[in-house]
Amino acid sequence: MSSFVDQIAALSNTFFIIAFALYCAAFSLFVVAITGKRWSGRDPETHARKWGSFAFAVAVIGFASHLLFFFTRWYSGGHIPTSNMYEFLTFLGMMIIFAFLVVFLIYRTLVIGVFALPVGIIILAYAAVFPNEVQPLIPALQSYWLKIHVTTAATGEAFFAVGFAGGLMYLLRSIDFKSRAEETKKARRAMEFTLFVALMLVAFIASVFSFNAAGYEASFKEQVTYKDKAGVEQSMEQVTKYVLPPIFKPHNSVTVSVTPFLGIKQPLLEAPSWMKGASSGRKLNTVVWSVLTGLVLYGLLRLLLRKPLGEAISPILGGIDPEDLDEISYRAIAIGYPIFTLGALIFAMIWAHEAWGRFWGWDPKEVWALITWLFYAAYLHLRLSRGWTGMKSSWLSVIGFLVVMFTLIGVNLIIAGLHSYAGV
Amino acid sequence: MFENTKCECGHQNPLGTVLCESCGKPLEETGNASEPLEMRYDGMARRSQKTNPAVLDRVWNFFSSVKIAVYLIIITLLGSALGTVFPQENTFLNMDPSTYYKDTYGTLGNIYYLLGLSHTFDSWWFLTLLYMIGTSLIVCSLDRVLPLYRALSKQQIRKHHNFILRQKVAYQGPLPAESDASHAEEWVNRMAAQLRKKRYRVHVDGTALLAEKNRFSRWGPYINHIGLIVFLLAVLARSIPGWHMDQYIGFLEGQPVKIPDTPYYLKNEKFTVDYYNKDEMSAAFAQKDENVAKKYETQAVLYECTANCSDPTKTPDLKEVHRQNIIVNKPLVYKDLLAYQFDYAETPMLLSIKPSLSNPQTGEVYGSFKLPMINPPQSFDAGPYHLVTKGYYPDFGLDDKGQPITKSKDPKAPAFIFTITGPNLSPDGDVYLYFPRQIDKQNFRQDDINGAIAKKIDLAATSMEDVEIANYTSYLNIRMDKAMPYIWTGAAISMIGLIMGFYWQHRRVWLRIDDGTLALGAHTNKNWFGIRKEVAAALNKTGIAVDGKTLETGGSPK
């Protein structure tokens with residue numbers, strides 16, 4: 001590769017960091033625009049307008065920088081950067097910001113920024129957990145459908161993400177956190193759990209970054225048998241590297257090296273024997289770490305706020321009409337649904353027909369795209385024909401986004417299949 | 001029981017009507033009078049609301065229920081999710097499911113297999129669900145689209161007060177001061193002009209007004225459903241014999257192979273696999289030192305058999321009809337036939353050799369001939385010598401009695417037994433054993449077995465140019481799918497319906513003025529925010545100051 005292209009590649013990464021920083025800044029500004037209304041010595045309307053426009057402008061500049069990242073990476077890599085998990089997630093994050101900008105321009109409600117931006121920011125931070133070097137394009141991906149299918153599917157999903165943010169806002173606005181009544185207990189608990197799941201993801205990303213920065217590493221080796229092309233069983237030694245300290249080591253493995261952490265020099269436990277999928281030991285370790293650090297983070301926040309998180313956040317939504325939030329959530333999903341259908345099902349079928357010779361093969365990724373589609377179809381029918389609005393509809397939009405995330409990430413981490421080249 | 005369904009305006013409504021078909025007055029006072037009106041299908045009676053249903057009606061009613069449709073969707077969704085827990089049987093080409101799931105995934109895998117979940121997507125219950133969804137799509141759509149069409153094509157301009165004021169967006173108040181009762185019609189015309197600017201179709205009847213736009217978006221869901229029905233029918237049509245074919249065939253380089261059930265033969269002339277070199281990779285990736293394939297390519301030639309196609313004793317007459325390089329993402333397409341690059345294997349195999357017959361003592365070359373490994377001819381001539389093939393063993397080996405046998409039909413270790421006649425040889429001919437591959441020649445000690453004759457003549461290829469080798473077998477997925485055009489048509493119709501239904505909204509505004517008091521109601525099937533803004537803007541421009549937000553009355557305007 002020429003040095004010019006290398007320079008562009010380096011520049012591309014800088015644009016990404018700038019975009020990320022600007023999104024965080026825009027988020028903080030939106031928070032100031034809303035909470036600052038009650039500050040003394042100012043007119044609430046003017047304050048909100050001024051800071052809101054400022055926050056929006058910063059988000060737009062961040063998006064522009066993100067676009068620069070995208071196109072410079074495209075130029076330096078020679079193919080559209082949507083070909084592995086890192087690239088896909090950064091693109092999804094970009095489209096979530098785009099969807100936020102669109103919905104914001106329709107409704108001009110500042111609080112959307114407080115909830116939709118963090119969804120994009122967390123997705124981008126999560127993207128950075130995956131290896132970020134430009135990889136050569138394997139033959140299966142060498143098609144212009146890579147540009148069309150992946151981008152439209154991600155755009156549809158980005159609108160679902162904004163629909164999720166809207167649903168979450170509605171719930172935080174409408175659940176009565178003050179009451180201790182039995183009827184609202186379920187809703188309050190479910191909301192705490194939803195927020196805990198989000199915190200878990202944040203805690204996971206934070207720990208990966210911290211341990212990476214500290215140069216932490218642990219590795220294990222194990223004997224694995226596999227069948228070669230001729231169908232003969234072969235045995236080879238496989239080394240698994242851990243980024244997070246090993247609570248669980250892979251089943252039947254030998255410790256190669258472990259950087260001591262809090263005096264722990266040996267893995268505490270071993271993954272159970274039935275977990276023998278590809279790097280399942282490491283995945284188990286990651287899940288346990290996420291839950292533990294998530295609990296720690298949640299506990300710290302509870303101590304700090306001295307009340308449930310939902311109750312602590314809900315005042316920020318005080319002045320907003322809940323019906324507007326319900327409509328924002330529904331509108332985002334209604335915009336996203338046709339785009340998702342086109343990108344994740346129809347374009348996917350056309351490409352599958354061209355690349356694999358069948359338009360539909362019940363590959364796990366395909367099935368989960370169908371599940372997502374069916375889920376939102378149920379959402380729309382319940383809303384339009386059975387009158388499920390408000391609370392029920394908002395919970396569905398939250399669950400729907402979980403289904404989307406599982407389709408995008410969970411399937412690759414847990415089930416794999418033909419889409420396994422997506423980088424994990 | 002006979003129910004009176006005649007409205008006070010004199011219109012006779014069919015049983016099951018919620019809102020009078022003519023003036024819109026709510027017919028049954030069910031629920032809270034301050035709640036917004038139920039505007040679905042404009043309150044029309046549907047076939048599924050028949051009293052005293054017969055069996056067929058009951059079936060119709062079952063499938064016309066959206067609740068049932070949602071249940072079907074949810075069950076299908078859960079079933080599909082179960083089907084992704086372990087890989088499905090069709091993911092593997094050669095596998096025995098009765099042992100595979102147990103061996104690979106343990107007891108859980110065995111239960112999965114025994115429950116039939118290892119082939120979820122062609123199980124009877126999953127297919128039944130799909131058929132039921134298809135039926136539900138047809139029945140639900142018919143049950144609703146016909147009444148809706150009737151309601152929308154004959155709308156009354158002057159609606160009942162209860163109808164107007166119980167809309168979700170409604171307004172009631174005096175006309176602007178300057179326009180008294182006599183100016184009511186003039187105000188209505190100004191309002192009409194404002195709404196026309198927003199691209200409404202406006203109908204005025206004295207002091208009553210009906211404005212409507214984007215009615216076509218109401219047909220979106222039904223067009224989407226039609227598309228889905230076409231799609232499902234097309235999927236069903238694939239089970240028609242001859243509509244669908246799917247097979248995996250290995251093509252050794254240089255050999256035409258018959259494609260079963262078709263008149264076609266396909267030859268893989270050459271298969272190549274390219275890898276990325278380091279300077280095509282990014283610096284960071286190049287450090288990982290991984291090999292990444294860049295291109296798999298089969299240079300394919302398609303032949304059509306014109307004669308001797310089914311007679312195994314004769315060589316078929318092949319006519320070249322198509323020639324194309326097949327790469328991933330670029331299948332061979334000829335009429336209905338599709339051939340996809342699927343896999344490859346390195347299978348070095350001798351195809352033909354052109355040995356020279358020579359004198360080992362003097363080195364004098366008598367002549368040479370071409371010897372193919374597949375269907376070799378019975379006899380050859382090399383200079384003054386004549387060779388007759390007595391035996392051919394493509395994959396030479398010895399059985400337990402020491403007798404020569406062939407282990408397979410592939411020319412992996414070919415051996416020939418020739419009877420050679422010519423100068424200096426016995427008149428009946430001498431037997432000569434010939435191994436074309438150098439390695440077999442040494443392993444099986446060709447010269448020792450041939451003995452004396454090996455001193456008189458020698459059969460060997462002199463250069464690599466005389467040897468034709470197939471290095472690869474390319475596996476192609478050969479397909480035919482006559483339903484594809486219908487599948488794409490269904491998908492396209494569906495998509496058009498979705499766009500119509502989701503990116504436009506049907507909006508209607510009704511108003512009437514009675515004694516200087518305006519009553520206005522507005523309805524949309526989606527995006528209340530938008531219609532509120534539009535109505536408020538029109539009212540503001542005609543002298544009535546309102547804020548969009550206050551129009552959302554929940555059915556009881558202040």
Side-chain angles (χ1 to χ4, degrees), chain A residues 1 6 9 76-78 106-107 132-143 145 229-230 274 321 323-324 327 330-331 334-335 337-338 341-342 345-346 349-351 353-364 367-368 370-371 374-375 377-378 381-382 384-387 411 415 417, chain B residues 40 66-67 69-70 73-74 76-77 80-81 83-85 87-88 90-91 105-106 108 120-121 246 276 279-286 288 292-296 327-331 338 340-342 345-346 477 479 481 484 487-488 491 494-495 498-499 502-503 525-529 549 552:
Chain A
M1 289 236 164
D6 282 338
S76 68
I106 299 176
Y107 291 98
N132 80 340
E133 76 271 351
V134 177
Q135 292 164 355
L137 212 53
I138 59 167
L141 293 180
Q142 293 165 9
S143 165
W145 287 106
K229 266 206 150 148
W274 50 270
D321 178 33
E323 285 205 11
D324 280 353
E327 168 143 349
Y330 165 57
R331 195 71 194 289
I335 294 174
Y337 194 71
T341 310
L342 190 66
L345 295 174
I346 297 182
M349 287 193 286
I350 299 177
W351 190 8
H353 175 70
E354 213 165 280
W356 298 323
R358 81 289 183 294
F359 69 97
W360 194 263
W362 300 107
D363 173 69
V367 176
W368 275 93
L370 177 70
I371 290 174
L374 288 175
F375 185 89
H381 282 94
L382 287 169
L384 296 172
S385 291
R386 313 269 330 153
V411 171
I415 307 178
Chain B
R40 265 181 269 141
V66 173
K67 199 160 136 193
V70 171
I73 291 176
I74 300 285
T76 311
L77 184 160
S80 308
T84 61
V85 173
Q88 295 283 299
N90 65 359
T91 339
Y105 305 105
L108 223 57
T120 304
F121 302 110
D246 179 12
Y276 284 97
D279 40 308
E280 286 172 310
M281 296 176 182
S282 65
F285 190 83
K288 287 195 167 179
V292 180
K294 186 180 181 182
K295 188 157 120 188
Y296 307 110
I327 59 173
V328 182
N329 277 311
K330 221 181 106 205
L338 299 160
Y340 295 85
Q341 188 63 52
F342 176 70
E346 249 180 284
N477 178 203
R479 299 196 138 241
D481 212 333
M484 285 327 287
I487 298 236
W488 301 138
S494 232
M495 203 53 225
L498 281 175
I499 290 172
F502 279 105
Y503 296 148
N525 57 339
K526 286 182 199 77
N527 189 9
W528 293 93
F529 181 85
K549 192 64 220 171
E552 187 128 344

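Since the structure is predicted, the reported quantities are computational estimates derived from the model, not experimental observations. Throughout, protein chains are lettered first and strands after them, A, B, ... in sequence-line order, and every chain is numbered starting at 1.
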Flag the one option from [options] with the top tally of heavy-atom pairs under 4.5 Å to chain B.
options                      : value
A:G361, A:G78, A:S385        : A:S385
A:L370, A:V367, A:I106       : A:V367
A:P136, A:S143, A:A377       : A:P136
A:P139, A:A378, A:A9, A:G387 : A:P139

Contact part of [X] toward chain A, heavy-atom cut-off under 4.5 Å: side chain, backbone, both or neither?
X      : result
B:I487 : side chain
B:I73  : both
B:L77  : both
B:Y276 : side chain
B:N525 : backbone
B:N477 : side chain

* Asked: So which of B:W528, B:Y296, B:F285 has the biggest tally of heavy-atom pairs under 4.5 Å with chain A?
  ->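 Top count of heavy-atom pairs under 4.5 Å with chain A: B:F285.
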* **A:Q142 side chain near A:L137 side chain, heavy-atom distance below 4.5 Å** =>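 Counting from C-beta outward, A:Q142 and A:L137 do come under 4.5 Å.
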Can you tell which part of [X] gets under 4.5 Å to a heavy atom of chain B, answering side chain, backbone, both or neither?
X      : result
A:Y107 : both
A:L345 : neither
A:A334 : both

* Who passes side chain to side chain contact (heavy atoms under 4.5 Å, CB included) against A:D321, sequence neighbours left out? ->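 For A:D321 the side chain to side chain contact (heavy atoms under 4.5 Å, CB included) partners, ignoring immediate neighbours, are A:E323, A:D324, B:K549.
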